[in-house]
Amino acid sequence: MSSVPLRMTLNDGHFIPVLGFGTTVPEKVAKDELIKATKIAIDAGFRHFDSAYLYGIEEEAGQAIRSKIADGTVKREDIFYTSKLWSTFHRPELVRSCLEASLKKAQLDYVDLYIIHFPMALQPSDKLFPRDEHGNLLVDPVNLCDTWEAMEKCKDAGLAKSIGVSNFNRRQLEMILNKPGLKYKPVCNQVECHVYLNQSKMLEYCKSKDIALIAYCTLGSSRDPIWVDQSSPILLEDPVLCTMAKKYKQTPALVALRYLLQRGIVTLARSFNEKRIKEMMQVFEFQLTSEDMKIIDGLNRNLRYNSGDYFHGHPNHPFTDEY
């Protein structure tokens, strides 16, 4: 029934499962819930888990994965685990230490994918967002190409199987791709992408460069007031999605995820609800018609749930360019 393969080949020859489970935990949810949700996800068939130094939950994500390896449900090589370099570690001499800290927390020997989380360097600090006495972000003038060379060394050391970027615009991607002496090009660009922000130009560009587009915020967002405008529309209540959900006898969430997968986008989703986690695997059991794909294309309104306001004023802010 499904024309969407379960995994995609990256430009370095490694494979990435096209449906991934996100591990961010909203403030209102206890971290222990992530352990439970991740175990349920593995039992349901998820093999791709997306995490990051920033999320502060790599101990829990690692614990859940290791427990499912220990009970024989999966082997380590069955799991695709992603972590991300945080912005206070962009200096080349700090890149590896951030990855090693993530590996130590998760108690894993390597990550399958290591990503530069944002193209914006901040001064080294024990705070995630270091600021001066006036509340201004302490920006670090690190060249992205220097950071990328340190990422390449992490791959050569076997600490990361693949390396990529996240939240980069086209101009920032081209800085890496055009770097003299480039050893490995990014395998991916992970960006916010959903029916209200379909990233058609970025997708076309990435496909032309053999770079996978990985989508986060695929179902809208958890509407955390810290970073989401509370007046923004609730994506899963969109009348067009709801009408299609009835037509296909699926949920609006599954229609939204299927739309991304059929466009060749690696799609991340997250839930702490057992029924919904299991339901997500049904995304491979139906197919949207080309007419319905075009109708959903028409829902695009270039709406970002993640505006990156916490990086306000950073000269490298990626969302200031069109794409």
Side-chain angles (χ1 to χ4, degrees), residues 7 10 12 14-17 19-27 29-90 93-118 124-128 147 150-166 187-188 190 214 216 266 268-272 274 277:
R7 59 184 197 164
L10 298 170
D12 64 357
H14 291 297
F15 294 97
I16 185 170
L19 184 64
F21 193 78
T23 64
T24 47
V25 178
E27 286 205 338
V29 176
K31 286 186 178 183
D32 283 357
E33 289 294 306
L34 178 68
I35 299 173
K36 197 164 74 177
T38 303
K39 287 180 181 177
I40 291 165
I42 291 174
D43 286 337
F46 277 92
R47 295 295 179 263
H48 171 182
F49 294 86
D50 182 82
S51 195
Y53 181 91
L54 171 68
Y55 302 163
I57 45 67
E58 293 198 276
E59 291 94 337
E60 289 79 7
Q63 183 184 329
I65 290 167
R66 291 194 324 276
S67 75
K68 291 316 252 175
I69 292 170
D71 73 10
T73 306
V74 287
K75 298 186 179 78
R76 171 63 185 95
E77 55 268 29
D78 299 329
I79 297 292
F80 189 99
Y81 182 81
T82 299
S83 190
K84 305 183 188 84
L85 175 77
W86 184 239
S87 294
T88 53
F89 293 88
H90 273 214
E93 67 272 19
L94 298 179
V95 169
R96 180 167 173 156
S97 67
C98 186
L99 174 51
E100 286 175 338
S102 287
L103 289 172
K104 189 176 178 184
K105 286 176 194 165
Q107 292 182 45
L108 298 172
D109 295 329
Y110 64 91
V111 297
D112 296 273
L113 176 59
Y114 200 49
I115 292 175
I116 299 177
H117 204 153
F118 281 94
S125 171
D126 55 0
K127 293 187 172 69
L128 291 168
T147 304
M151 295 283 286
E152 291 177 326
K153 286 175 182 163
C154 289
K155 178 174 165 70
D156 283 336
L159 299 176
K161 300 247 178 185
S162 300
I163 51 175
V165 299
S166 177
V187 298
C188 69
Q190 186 181 123
I214 303 178
Y216 70 79
V266 177
L268 303 176
R270 182 197 68 184
S271 177
F272 295 96
E274 183 169 358
I277 293 170

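Side chains are part of it too, since the values below use all heavy atoms of this structure and drop only hydrogens, waters and symmetry mates.
Here the shortest heavy-atom pairing between Ala61 and Thr23 reads CB-CG2, 4.5 Å. What you find for Tyr110 and Glu77 is that their closest heavy atoms are OH-CA, 4.2 Å. Smallest separation of non-hydrogen atoms from Asp12 and Ser162: OD2-OG, 2.6 Å. Heavy atoms only, all atoms of each residue included: Arg270 and Gly22 are closest at CG-O, 3.3 Å. The nearest pair of heavy atoms linking Val25 to Ala30 is CG1-O, 4.2 Å.
In this model, a donor atom of one side chain and an acceptor atom of the other lie less than 3.5 Å apart for Tyr81 and Glu58. At a cut-off of 3.5 Å, with distance as the only test, no side-chain donor of Thr88 or Ser125 sits close to an acceptor on the other residue.
By the ring-ring contact (aromatic ring centres under 6.0 Å, His included) test, His90 pairs with no residue at all, sequence neighbours left out. Tyr114 is linked by a ring-ring contact (aromatic ring centres under 6.0 Å, His included) to nothing, counting only residues two or more places apart in sequence or in another chain. Remark: Lys104 engages no residue in a side chain to side chain contact (heavy atoms under 4.5 Å, CB included) (not counting sequence neighbours).
One distance of note links NZ of Lys39 with CG of Asp71; it measures 8.5 Å at 0.5 Å rounding. A distance of 5.0 Å separates CE in Met151 from CD1 in Ile116, rounded to the nearest 0.5 Å. Atom OG1 of Thr24 is separated from atom CG of Leu268 by 9.5 Å, given to the nearest 0.5 angstrom. Atoms CD and CG, from Glu60 and Asp32 in turn, are 7.0 Å apart once rounded to the nearest 0.5 Å. Atom-to-atom distance recorded for Ser51:OG and Leu108:CG is 10.0 Å, nearest 0.5 angstrom. Rounding to the nearest 0.5 angstrom, the gap separating the CG atom in Leu103 from the CZ atom in Arg96 is 9.5 Å.
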Would you sort out whether Lys105 and Tyr53 count as a side chain to side chain contact (heavy atoms under 4.5 Å, CB included), showing the intermediate values?
-> CA-CA 9 Å; Lys105 286 176 194 165; Tyr53 181 91; 3.4 Å; yes
With side chain to side chain contact (heavy atoms under 4.5 Å, CB included) as the test, would you mind laying out the steps for Ile40 and Phe46 before giving the verdict?
-> CA-CA 9 Å; Ile40 291 165; Phe46 277 92; over 6 Å; no
Show the numbers, then the answer: is there a side chain to side chain contact (heavy atoms under 4.5 Å, CB included) between Ile79 and Arg47?
-> CA-CA 5 Å; Ile79 297 292; Arg47 295 295 179 263; 4.2 Å; yes
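The side-chain heavy atoms of Ile42 and Phe21, taken from C-beta on, include no pair separated by under 4.5 Å. A 4.5 Å side-chain heavy-atom check between Ser102 and Val111 finds every atom pair outside the cut-off. Lys84 places a side-chain heavy atom less than 4.5 Å from the side chain of Gln190. Taking the side chain as every heavy atom from C-beta outward, Lys153 and Val95 never approach each other to under 4.5 Å. A 4.5 Å side-chain heavy-atom check between Arg76 and Asp112 finds at least one atom pair inside the cut-off. Inter-residue side-chain proximity for Cys188 and Leu113 is flagged as met; some heavy-atom pair is nearer than 4.5 Å. A 4.5 Å side-chain heavy-atom check between Phe272 and Leu34 finds at least one atom pair inside the cut-off. You'll find the side chain of Val187 stays beyond 4.5 Å of the side chain of Ile16, heavy atoms only.
Under the 6.0 Å distance and 45° angle rule, Lys161 does not count as a cation-pi partner of Phe80.
Under a cut-off of 6.0 angstrom, the local environment of CG in Asp109 is sparse, with at most 12 non-hydrogen atoms contributed by other residues, nucleotides or ligands.
With hydrogens and angles ignored, the 3.5 Å screen pairs a side-chain donor or acceptor of Arg66 with a backbone N or O of Ala106. Between the side chain of Trp86 and the backbone N or O of Cys98 there is no donor-acceptor pair closer than 3.5 Å. One N or O on the side chain of Lys31 and one on the backbone of Gly56 form a donor-acceptor pair closer than 3.5 Å.
We find that Lys36 and Glu33 are joined by a salt bridge, their nearest charged nitrogen and carboxylate oxygen being less than 4.0 Å apart.
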